[in-house]
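Down below is the structure, laid out as structure tokens.
Everything quoted here is computed from the prediction, not taken from an experiment. Heavy atoms only: backbone and side chains are in, while hydrogens, waters and symmetry mates are out. Letters A, B, ... are given to chains in the order of the sequence lines, protein chains preceding strands, and every chain is numbered from 1.
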Amino acid sequence: AQKVTQVQTEISVVEKEDVTLDCVYETRDTTYYLFWYKQPPSGELVFLIRRNSFDEQNEISGRYSWNFQKSTSSFNFTITASQVVDSAVYFCALSGPPGNQGGKLIFGQGTELSVKP
Amino acid sequence: SAVISQKPSRDICQRGTSLTIQCQVDSQVTMMFWYRQQPGQSLTLIATANQGSEATYESGFVIDKFPISRPNLTFSTLTVSNMSPEDSSIYLCSVGQGINQPQHFGDGTRLSIL
């Protein structure tokens with residue numbers, strides 16, 4: 001079965017601190033996809049990144065970076081120099097190989113990040 | 001990415017009634033999905049809305065309770081039937097251009113049942 005675990009339920013940091021959100025996944029598939037979404041207090045879900053299981057290169061986008069390690073089944077998300085606007089709930093999600101279940105997103109429980117000024 | 005309009009944005013309903021939520025996309029999309037987010041919880045997939053055929057429901061969700069329509073590639077509806085307080089949630093529509101492509105979400109419908 002597929003499962004996503006976000007071990008941190010809540011994180012609180014002070015502005016300009018770096019923060020890492022952990023995501024651990026379980027799957028028996030060799031082909032799978034990992035995602036991160038942001039849900040700010042306004043409630044909408046914002047797509048941040050998609051990574052497939054064959055691409056273990058880390059990715060950086062501005063202050064955001066992602067570390068994908070298949071050996072530990074982890075897909076961690078780091079925000080550098082955090083800002084108050086980063087305050088949100090962040091979800092890690094997993095989907096399986098193409099097929100009738102391929103579109104299904106399995107979400108972790110979410111990590112609520114609070115960045116204080 | 002596609003612009004997704006979801007209506008209503010919120011509603012307060014009486015127990016036993018039904019509400020239909022609409023999801024309109026500004027371009028044709030391959031995949032449309034409906035999710036539920038219970039208070040303080042994560043998102044759970046209700047069903048995949050299939051164009052021109054019956055939706056594919058996830059375990060724990062049934063067509064009688066959550067009938068779904070998808071008459072074309074830009075529009076879908078989800079009905080929450082015979083509502084009870086346990087149905088109080090955010091219901092979100094998402095769209096994607098292919099399996100395992102990023103799904104983009106509407107702003108959600110915040111539903112409260114009294």
Side-chain angles (χ1 to χ4, degrees), chain A residues 1-10 21 23 25 27 29-55 59 61 66 75 88-112, chain B residues 1-11 23 29-51 53-61 70 76 89-112:
Chain A
Q2 296 179 321
K3 184 179 179 181
V4 177
T5 301
Q6 294 180 248
V7 294
Q8 303 126 322
T9 305
E10 298 178 8
L21 284 62
C23 174
Y25 62 91
T27 180
D29 298 316
T30 54
T31 302
Y32 53 89
Y33 299 80
L34 295 162
F35 304 81
W36 276 95
Y37 286 86
K38 173 183 180 180
Q39 188 175 42
S42 50
E44 74 275 19
L45 232 69
V46 179
F47 165 74
L48 296 178
I49 189 171
R50 166 184 174 265
R51 176 66 80 224
N52 73 56
S53 53
F54 298 107
D55 183 1
E59 178 146 345
S61 176
W66 290 269
F75 186 43
V89 179
Y90 291 85
F91 290 98
C92 180
L94 167 71
S95 70
N100 61 6
Q101 291 292 302
K104 176 179 178 178
L105 282 176
I106 306 297
F107 283 86
Q109 285 303 107
T111 296
E112 183 173 3
Chain B
S1 61
V3 176
I4 306 165
S5 300
Q6 199 172 324
K7 293 180 180 179
S9 59
R10 61 178 67 238
D11 207 340
C23 180
V29 293
T30 307
M31 317 285 287
M32 293 185 81
F33 305 90
W34 288 97
Y35 289 83
R36 181 176 74 181
Q37 186 177 23
Q38 295 177 300
Q41 302 296 314
S42 186
L43 286 82
T44 301
L45 180 65
I46 297 172
T48 302
N50 301 308
Q51 193 260 329
S53 65
E54 193 170 287
T56 304
Y57 289 84
E58 296 299 309
S59 176
F61 298 96
R70 189 177 174 193
S76 178
S89 296
I90 301 173
Y91 292 86
L92 298 108
C93 165
S94 78
V95 304
Q97 286 296 9
I99 290 175
N100 303 122
Q101 293 302 309
Q103 291 180 27
H104 297 278
F105 287 78
D107 288 347
T109 296
R110 289 158 180 76
L111 183 57
S112 298

G110(A) backbone acceptor or donor facing S42(B) side chain under 3.5 Å: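 Not confirmed, S42(B) side chain does not pair with G110(A) backbone.
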Side chain to side chain contact (heavy atoms under 4.5 Å, CB included) between F107(A) and Q37(B), intermediate numbers included: CA-CA 11 Å; F107(A) 283 86; Q37(B) 186 177 23; over 6 Å; no
Nearest heavy-atom neighbours spanning G43(A) and R110(B):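 Taking G43(A) first and R110(B) second, the nearest heavy atoms are CA-NH2, 3.1 Å.
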Minimum-distance pair of heavy atoms, taken over all atoms of F91(A) and Q41(B):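 Here F91(A) and Q41(B) meet closest at CZ-O, 4.3 Å.
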Contact origin within Q39(A) toward chain B - heavy atom pairs under 4.5 Å: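 Looking at Q39(A), just its side chain touches chain B.
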Steps toward side chain to side chain contact (heavy atoms under 4.5 Å, CB included) verdict (Y35(B), L105(A)): CA-CA 10 Å; Y35(B) 289 83; L105(A) 282 176; 3.3 Å; yes
Region of L45(B) that comes under 4.5 Å of a non-hydrogen atom in chain A: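 Just the side chain, heavy atoms under 4.5 Å.
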